[in-house]
Structures are given as structure tokens and as C-alpha cells.
Amino acid sequence: MTKRLNKLSTKAKVFLGLGTMIALAIVLGAAFGNEGRNNDYQPQNEFKLDPLISIKIGGLDLSINKAVLYLFLAAVFTIIVMVWIANRMQARPNRVQTAIEATYDLTRNNITFGNMDRSYALKWFPFCATAFFFIWFSNLLGYLPLPTNTENEIHIFGLAVPTFGIYAATANISVPLALTLVVWISYNVEGIRTKGFFAYFRSWLPPGLEDMNPVGKAAIFVIEVISHFVRLISLSVRLFANILAGHLLLLFMGGGLAVLLGLAALGALTFPMAFAFFVFELGLIATLQAFIFATLTAIYLGGATAESH
């Protein structure tokens, strides 16, 4: 049997695997049937931010929810890992040190020094590197199951304990938006400090417009102003939407769709896809989105401090 399988082409093996999954789904469907749509299951509640620890001071709500918890863990994890690696640098690096050095080189030479002048790159490298590592660790922690699911709880000795679930702080639009506001304010302030207030805003106009009439210049300037404000949306929503979409795929493919439709047999088809999506999100998307955010941060800083537009 093994020899016969080895002789099959890759295409034949793929079709054989798909056929096996479909046959298994049909058998499970015939055995368990269809219970109908489950209206009690609300997938959006997986992202609901119920307080884990309620803290209210007067009219101010400072409760700790899972978004705050994941942000705190990302910050702590970033600090601990970087300090731990820095204190254990060796002349002959091990695999962990090699990986960290490669990531350091990426953030320094590719992201920061590749997008701005050296003097400003030296100044803003810590900022760009911190943004990359913080978002990266935050995205990675989003795939680590933690007891944060308040929608479903278990009772241990009378104490309600949240069940395990996955959640990423960057899947909440407020977090990427806050990070984007820091970037947006930083590059505009640095541009004004470098060039002066009026000179900075004049630099928004492309060179070569000296002979253009004032109306044309005003129209182009308005377009530039809009483009700078649009960065608040594009930079934040890109990170938020990609991480949220990945978690929604995992939620539905990991069993949420089968529960929602009341069709248990569907899980036999979707679960292998959930595993594939998990590897894809963890191995590529988490790193790619951190890289894009940090790179655009460096580009915006470099553009604000460059001599020409």
C-alpha cells in the first residue's frame, strides 16, 4: 500500500486527500445529521471586551479587559526577550541569537537606514525597531490560547473562570489607531523641527511648481493635506483588518462555522483548513504586518525630514 502511494503524483495525492475528507464529512453527516442553524451562537461575541477585572474610579472606567491584558503581555514579553538576549550575546551565536541578529539587521538596515538619512536614522531607529517588535510580539501572542473567553466560562470551586481562546490586541481598531496617531504626530513634529513650520508645509508641494498659478498650487496642497490624513486610516486599518480577518478565519474554520450551521460533519472539512490558516497567519502574516507598519513609519519620517518632497 505504501509503495502504491509513493508512486502517485502530488496532484493525485491532493485529490486523494480531498476525496477522503469529503467522504468522511458525508459519513459524519449521515451519522449525526443537521441540527439546524444555531441562533444562540454569536461569533462576534468572541471579540467582545468584557471586563476581566472591574476597576471604576468615579465616572472613569479603568477595567482590565483582554485587549489590555494582551497589550500588557506584549510589552512585557518584548522587554524581557530583548533584555534577555542582550545579556546573553556570544561570540559564537546560537540559533536564537542568530535569529535575533537577523531581525535586528532587518529593522536597522532595511527598515530604518533604508528609508531616511543616516543622522535621522540613528535618532529614530529605536522608535522604528520598538514599533516592529511590539507589534510583532503582539501579533504572535494573538495566536496563544489564554483564559480570556468570558462568553463561555467554567466554574471551579464556585469561581467563574473564562475558557481558553485566542485574541489579538491589534485586532481591535483602537490599538492600531493609537499606534498610528503616535507615528503621525511624530513625523509631523520632526518635520517641523527640522525645516521650520512654514517650510515644512511648503515641502508638501512637489518641486517644479514655481510657475504654476496659485489656484493650482492650492489644489495640489489640499490633495497633499488629505493624503496625510488618509494615512491615519490606511496605516491603522491595514494592520487591524489583516489581523482581524485571520482570527475570523481561524474562528470559523476551527469549528465556529460548524457550530453556527449546526452541521457537525462540516468540521471534518474545515478543521484541516484551520490548521493551514493557523500556520500561514503565525508564520507569515504576523511578521509581515509588523514589517509593513514599521517600514511605513520609517518612510513617513524619512519623507518629513528629507530636503525635497
Side-chain angles (χ1 to χ4, degrees), residues 38-83 127 130-186 188-189 229 231-252 254-256 259-260 281 286 289-290 293 297:
N38 185 355
N39 293 318
D40 294 331
Y41 177 62
Q42 302 294 326
Q44 66 271 20
N45 289 344
E46 299 288 336
F47 300 92
K48 188 178 179 181
L49 296 178
D50 293 321
L52 299 173
I53 301 175
S54 183
I55 303 174
K56 293 185 178 180
I57 303 175
L60 188 62
D61 189 355
L62 299 176
S63 298
I64 306 297
N65 54 41
K66 56 186 175 184
V68 176
L69 175 63
Y70 272 87
L71 280 175
F72 175 77
L73 291 176
V76 171
F77 195 66
T78 303
I79 294 171
I80 290 176
V81 169
M82 293 297 103
V83 172
F127 178 80
T130 301
F132 172 82
F133 282 109
F134 176 76
I135 294 173
W136 187 34
F137 285 131
S138 181
N139 292 345
L140 292 177
L141 284 171
Y143 300 104
L144 177 66
L146 294 176
T148 57
N149 187 357
T150 54
E151 180 69 14
N152 300 292
E153 297 178 336
I154 58 175
H155 292 81
I156 302 176
F157 300 112
L159 181 65
V161 179
T163 54
F164 280 82
I166 60 173
Y167 179 83
T170 44
N172 186 312
I173 185 60
S174 59
V175 175
L177 182 57
L179 294 172
T180 300
L181 282 170
V182 173
V183 172
W184 193 84
I185 294 172
S186 296
N188 280 300
V189 169
F229 278 100
R231 289 178 178 181
L232 290 170
I233 301 174
S234 62
L235 191 59
S236 59
V237 171
R238 180 187 293 105
L239 175 60
F240 155 73
N242 278 279
I243 301 302
L244 177 63
H247 278 71
L248 285 172
L249 280 172
L250 293 177
L251 173 64
F252 283 107
V259 174
L260 183 64
E281 293 287 330
Q289 291 307 314
F293 192 97
T297 297

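Hydrogens, waters and symmetry mates play no part in the numbers below; they use all other heavy atoms, side chains included.
Distance OG/S236 to CG/L179: 9.5 Å, rounded to 0.5 Å. Rounded to the nearest 0.5 Å, atoms CD1 (I55) and CD1 (I64) are 4.5 Å apart. Atom NE2 in H247 sits 8.5 Å away from atom CG in N139 (nearest 0.5 Å). With rounding to the nearest 0.5 Å, the separation of CZ in F293 from CG in L239 is 6.5 Å. The CD1 atom of I166 lies 5.0 Å from the CG atom of L250; values are rounded to the nearest 0.5 Å. Atom OG1 in T180 sits 7.5 Å away from atom CD1 in I173 (nearest 0.5 Å).
Looking at residues two or more places apart in sequence or on another chain, you find no ring pair (Phe, Tyr, Trp, His ring centres under 6.0 Å) involving F134. Residues forming a ring pair (Phe, Tyr, Trp, His ring centres under 6.0 Å) with F127 (at least two apart in sequence, or on another chain): W124. Checked against ring pair (Phe, Tyr, Trp, His ring centres under 6.0 Å), F133 has no partners two or more places apart in sequence or in another chain. With sequence neighbours excluded, the residues that form a side-chain hydrogen bond (donor to acceptor under 3.5 Å, both in side chains) with S174 are N172. Q289 is linked by a side-chain hydrogen bond (donor to acceptor under 3.5 Å, both in side chains) to nothing, counting only residues two or more places apart in sequence or in another chain. Applying the side-chain hydrogen bond (donor to acceptor under 3.5 Å, both in side chains) rule to S63 yields the partners D61; only residues at least two apart in sequence or on another chain are considered.
Proximity of L73 to F77: side-chain heavy atoms (C-beta onward) are nowhere separated by under 4.5 Å.
For L60, the CG atom counts as densely surrounded, since its 6.0 Å shell holds more than 12 non-hydrogen atoms of other residues, nucleotides or ligands. More than 12 heavy-atom neighbours from other residues, nucleotides or ligands sit within 6.0 angstrom of OH on Y143.
Closest heavy-atom contact between Y167 and Y70: O-CE2, 2.9 Å.
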